[in-house]
Protein chains: 2
Amino acid sequence: MTPIGFEAHDHADCVRTTLEQAEKVCKARRLRLTPIRRRALEILLAEHRALGAYDLLAVLAAEGLGTAPPVAYRALDFLTSAGFAHKIEGLNAYIACAHLGADHTPAFLICTACKSVAEAETQTTKGRLAEAARDSGFHIERTVIEALGLCPACQDAA
Amino acid sequence: MTPIGFEAHDHADCVRTTLEQAEKVCKARRLRLTPIRRRALEILLAEHRALGAYDLLAVLAAEGLGTAPPVAYRALDFLTSAGFAHKIEGLNAYIACAHLGADHTPAFLICTACKSVAEAETQTTKGRLAEAARDSGFHIERTVIEALGLCPACQDAA
DNA sequence: CTCCATTATGTTATGTTATAACGCATGTAG
DNA sequence: CTACATGCGTTATAACATAACATAATGGAG
Ligand SMILES: [Zn+2]
Ligand SMILES: [Zn+2]
Ligand SMILES: [Zn+2]
Ligand SMILES: [Zn+2]
């Protein structure tokens, strides 16, 4: 479970396989990966960073795929519902899933210096949060787990 | 480390001791708990729930303590910087700290049915997130840990 | 193939959350 | 008193998100 994002890696491959996975999942679950949705996923995938909805919209608009906010928000709704993207609550921004296909509980490491984001996985049933929940009888449906700090590269720079 | 919020407890005492703690901390750190800031903290403390900035503003406005958004945001900035309140990123809302004075990393259990919020504590150096960070050499400065789900009472109701 | 229901998209408007910028007031140190 | 820092009043605007309704494309059922 290495967090993807900070390490050097074959990113072209990363993009390709994620898109393939997304298509496979859509086929299996009868979801429609329309041109707008597919392009939105590609845009998010371009970098391991979170993009604001309006940043995404700007790109889509420049490509003639729609100009009004609902274009972006609908695409993001689809992608997040399908598990192809996640919302980073701490940034009000969105990022492509780095473990598409794997059933996972995402956790994010967000570099405040270079803005890159790595997605790790945690196990919902373990960890301190789950423990606190069990202790008090709380039933967890969804978790938001985000760490803000400095990635290895930015620590070296400082 | 029991999460405060779901259990029945002497809430009047809860409010009183938190305000006392806040005053003590302000004295020690030479922070100024002005009338607006103090009242904002009281308003947040009234219930173990998160309040939107504009909800807080509405109360302050009704009491003649200011009408424009900066009034609320400045008070919230002060309270969160001082550690007297926390922002719930998943709700864009703010809640009084339930462990004021204790040096802690907050984690929240948020009931999606009744909207109440319990604050638990986690240890920054343990847990899966810290583990993932260590693995990749990431330096954590702040964490956002929030669980959405059903509190014990709302589970029983369903 | 045609019709129908469903899903997706276009469009306008608005709601919600948060900050910038500037000036005045007040408290404190030299 | 003066200089500086901090808090507050006020106006305006930026940034994020959704409501509501019209039109179009898609994909089955018959
Ligand atoms: Zn990559
Ligand atoms: Zn993911
Ligand atoms: Zn209480
Ligand atoms: Zn706290």
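Lettering of chains follows the sequences in order, A, B, ..., and the numbering in each one begins at 1. This one's a predicted model, so the numbers in the text were calculated from it and none came from an experiment.
Taking the six-membered ring where the residue is Trp, the centroids of B:H99 and B:H86 are separated by 6.0 Å or more.
Taking atom CG of B:L31 as the reference point, atom C1' of D:dT6 lies 12 Å away to the nearest angstrom. Rounding to whole angstrom units, NZ of residue A:K27 and P of D:dG27 are separated by 12 Å. Between B:L33 atom CG and D:dC8 atom P the separation is 10 Å, expressed in whole Å. As rounded to whole Å, 12 Å separates atom P of D:dA17 from atom CD1 of A:I88. Straight-line distance from the CG atom of B:L57 to the P atom of C:dT17: 12 Å, rounded to whole Å. Atom pair A:E89:CD and C:dA18:P shows a separation of 12 Å (rounding to whole Å applied). Put simply, CZ on B:R39 is 15 Å from P on D:dC8, counting in whole angstrom units. Atom pair A:Y94:OH and D:dA15:C1' shows a separation of 12 Å (rounding to whole Å applied).
Nearest nucleotide to the side chain of A:N92, out of D:dT18, D:dC16, C:dA18: D:dC16. When distances are taken from the side chain of B:R37 to each of D:dG7, C:dT12, D:dA17, the shortest belongs to D:dG7. Relative to the side chain of B:P70, the nucleotides D:dT11, C:dA18, C:dG10 differ in distance, and D:dT11 lies closest. Which of D:dT18, D:dC8, C:dT17 sits closest to the side chain of B:T34 comes down to D:dC8. Nearest nucleotide to the side chain of B:R74, out of D:dG9, C:dA20, C:dA18: D:dG9.
DNA chain D is contacted by both B:R32 and A:D55; B:R32 maps to the nucleotide lying nearer its 5′ end (nearest heavy atom per residue).
Comment: A:R134 does not engage A:E131 in a salt bridge, judged by the lack of any side-chain N to carboxylate O separation of less than 4.0 angstrom. A salt bridge does not link B:R74 to B:D77: none of the charged side-chain nitrogens sits closer than 4.0 Å to a carboxylate oxygen. Ion pairing of A:E42 with A:R38 is present here, as a side-chain N (NZ or NE/NH1/NH2) and a carboxylate O approach within less than 4.0 Å.
Not one side-chain nitrogen or oxygen of B:Y73 sits closer than 4.0 Å to the OP1 or OP2 atom of C:dT16.
A:F78 comes within 4.0 angstrom of no nucleic acid atom, judged by non-hydrogen atoms across all strands.
Residue B:Y54 and nucleotide C:dT16 are not classified as a stacked aromatic pair, given the requirement of ring centres less than 5.5 Å apart at an interplanar angle below 30°.
If you run side-chain hydrogen bond (donor to acceptor under 3.5 Å, both in side chains) between B:H48 and each of B:K115, B:H9, B:E119, only B:H9 comes through.
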